[in-house]
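Computed from a predicted structure; not experimentally measured. Chain letters run A, B, ... following the sequence lines, proteins first and then strands; every chain starts at 1.
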There are 2 protein chains.
Amino acid sequence: MSTPEKAPTRRKRMPRAQRERQMIEVAEAVFAERGYAAASMDEIAERVGVSKPMLYEYFNSKEGLLLACIREARAELRHVTEQAVVGAAGAEDAMRAGLRAFFRFIRDRKQAWSLVRHEITLVGTSAAEEIEATRQQQTDLIATLMSGYFDDSDTVRVQAAAEFVVGGCERLAIWCERYDELTPEAVTEYAMDLLWGGLQRLTSR
Amino acid sequence: MSTPEKAPTRRKRMPRAQRERQMIEVAEAVFAERGYAAASMDEIAERVGVSKPMLYEYFNSKEGLLLACIREARAELRHVTEQAVVGAAGAEDAMRAGLRAFFRFIRDRKQAWSLVRHEITLVGTSAAEEIEATRQQQTDLIATLMSGYFDDSDTVRVQAAAEFVVGGCERLAIWCERYDELTPEAVTEYAMDLLWGGLQRLTSR
DNA sequence: GAAGTAACCTACTGCTGGTAAGGTGGACTC
DNA sequence: GAGTCCACCTTACCAGCAGTAGGTTACTTC
């Protein structure tokens with residue numbers, strides 16, 4: 001009636017940072033599971049155990065939430081690859097270590113990876129440039145690794161090569177999901193063969 | 001009132017096939033312009049000069065419409081590359097011709113290309129497998145072109161190489177949109193350098 | 001324990017994908 | 001040239017989801 005009995009709304013309050021992490025975690029799962037379009041903010045809110053306006057309080061929009069998830073995933077990916085590269089001796093070794101870290105990430109964090117693939121849905125929004133910038137960092141890292149093998153003056157060519165490598169590896173990552181007997185190490189060797197040969201050809205001209 | 005004056009509903013009737021083409025054409029433009037999520041069926045219908053239920057009559061759903069657009073674009077892309085490859089003499093020449101056709105397509109049919117990039121939004125739907133199959137045809141074509149350079153027994157490796165090339169070129173295509181002074185021919189040479197070196201390394205092991 | 005604030009909720013709006021049910025006009029028969 | 005058929009097309013609606021207004025509750029601080 002007009003006096004609804006007070007349901008024991010056992011609310012758990014949480015510090016902001018912690019809530020945010022939790023929301024991103026759940027959203028990542030839901031987006032990966034249903035796809036961006038089919039995922040509903042109501043469902044995400046419910047799974048978090050929080051009401052919808054909270055999501056908007058934290059992320060402003062559905063796109064904002066997706067962006068936060070992608071940002072998180074990309075940061076994680078960037079961290080593991082950089083970590084791997086730093087410990088390596090020599091350019092070839094660094095390349096191999098970076099690739100291995102990448103393909104391991106793909107295997108271990110399937111959800112995060114599938115999210116990154118959805119970044120296309122953000123083109124045309126205000127988030128587009130941030131996404132593009134993050135992606136640029138990734139190719140720049142590769143370009144740095146390779147730059148020793150190029151004439152320094154030809155920066156456009158180095159960029160092109162880096163883009164090619166990134167695209168090739170991303171596609172390879174999608175492809176090898178279908179073969180679970182394919183270890184990250186094996187795929188790394190495939191990639192090394194393909195791209196290292198290309199680099200050597202370029203340096204010998 | 002209850003007797004709405006007959007607005008001169010200047011309807012143009014059209015044979016089914018022609019309407020369908022027209023719808024796909026408009027939808028391609030709208031999807032490319034706004035992105036899939038932001039595009040509205042109402043707007044597409046209005047631009048075609050037809051009512052919304054007609055779109056559903058023809059394509060069943062928004063996803064169906066997107067699928068039809070992508071199918072069309074991919075068919076077009078496949079046609080131009082195959083055409084280019086057929087006329088070539090020798091494997092290297094065929095590869096180069098195919099790449100050139102691809103990068104020209106990207107330049108001339110920007111809309112179609114941007115649509116193909118949105119195919120990720122269809123994963124998890126019934127259309128997913130058709131998309132995957134179409135894509136497979138593309139890599140198979142590449143794999144065939146390259147197979148002369150591999151030990152026949154190692155088909156997995158050939159597949160991996162083909163995937164790598166496709167991914168690399170796709171990323172290169174996105175990248176070179178930012179540089180309008182970059183001709184398709186120039187980008188083709190970048191790609192040839194990168195992938196041909198890789199192939200030669202593989203054959204020399 | 002009163003005041004203040006950060007976290008949270010209920011209850012709504014408007015838009016868009018999708019549908020039901022019916023109108024209309026060209027083509028074909030006779 | 002009147003009747004009939006059917007493909008084409010429409011208006012008018014529903015359900016569900018992104019996004020919001022405004023009030024409530026628990027925790028901290030003094």
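In this structure, of C:dC9, D:dA18, C:dG17, it is C:dC9 that holds the atom nearest to the side chain of A:V50. Checking C:dT10, D:dC17, C:dC8 against every side-chain atom of A:P53, the shortest atom distance belongs to C:dT10.
Judged purely by distance below 3.5 Å, without hydrogens or angles, the side chains of B:R21 and B:Q18 never pair a donor atom with an acceptor atom.
Spacing between atom CD1 of A:I44 and atom P of D:dG19 amounts to 11 Å, rounded to whole angstrom units. Spacing between atom CD of B:E57 and atom C1' of C:dA21 amounts to 14 Å, rounded to whole angstrom units. Across the protein-nucleic acid pair, A:L67 atom CG and D:dA18 atom P stand 17 Å apart, rounded to whole Å. The distance between atom CD of B:E20 and atom P of D:dA7, rounded to the nearest whole Å, is 16 Å. A straight line from CG of B:D42 to C1' of C:dG14 spans 13 Å, rounded to a whole angstrom. What separates CD of B:E63 from C1' of C:dG17 is a distance of 11 Å, to the nearest Å. If you take OH of A:Y56 and P of D:dG22, they are 19 Å apart, rounded to a whole angstrom. The CE-C1' distance, from A:M41 to D:dT20, rounds to 13 Å in whole Å.
Between A:R16 and C:dA7 there is a side-chain polar atom (N or O) within less than 4.0 angstrom of OP1 or OP2. The shortest distance between the side-chain N/O atoms of A:Y58 and the OP1/OP2 oxygens of C:dC8 is below 4.0 Å. Contact check, A:R19 against C:dA6: no side-chain N or O comes under 4.0 Å of OP1 or OP2.
Among the heavy atoms of the strands lying under 4.0 Å from B:M54 is at least one base atom, whether or not backbone atoms are also near. Here B:A39 lies in heavy-atom contact (under 4.0 Å) with sugar-phosphate atoms only. Using a 4.0 Å heavy-atom criterion, one finds that A:S51 contacts the bases of the nucleic acid, with or without backbone contacts as well.
On a pure distance criterion of 3.5 Å, no polar donor-acceptor pair joins the side chain of A:K62 and the base of D:dG19.
Note that B:K62 lies in the cation-pi zone of B:Y36, set by a 6.0 Å cut-off to the ring centre and a 45° limit from the axis.
With A:E185 as the partner, the side-chain hydrogen bond (donor to acceptor under 3.5 Å, both in side chains) test is satisfied by one option alone out of A:R104, A:R100, A:R96: A:R104. No option in A:R74, A:R71, A:R135 other than A:R71 meets the salt bridge (charged side-chain N to carboxylate O under 4.0 Å, His left out) test with A:E130.
The aromatic rings of A:F164 and B:F164 stand perpendicular to each other, their planes meeting at an angle above 60°, with 30° marking the opposite boundary.
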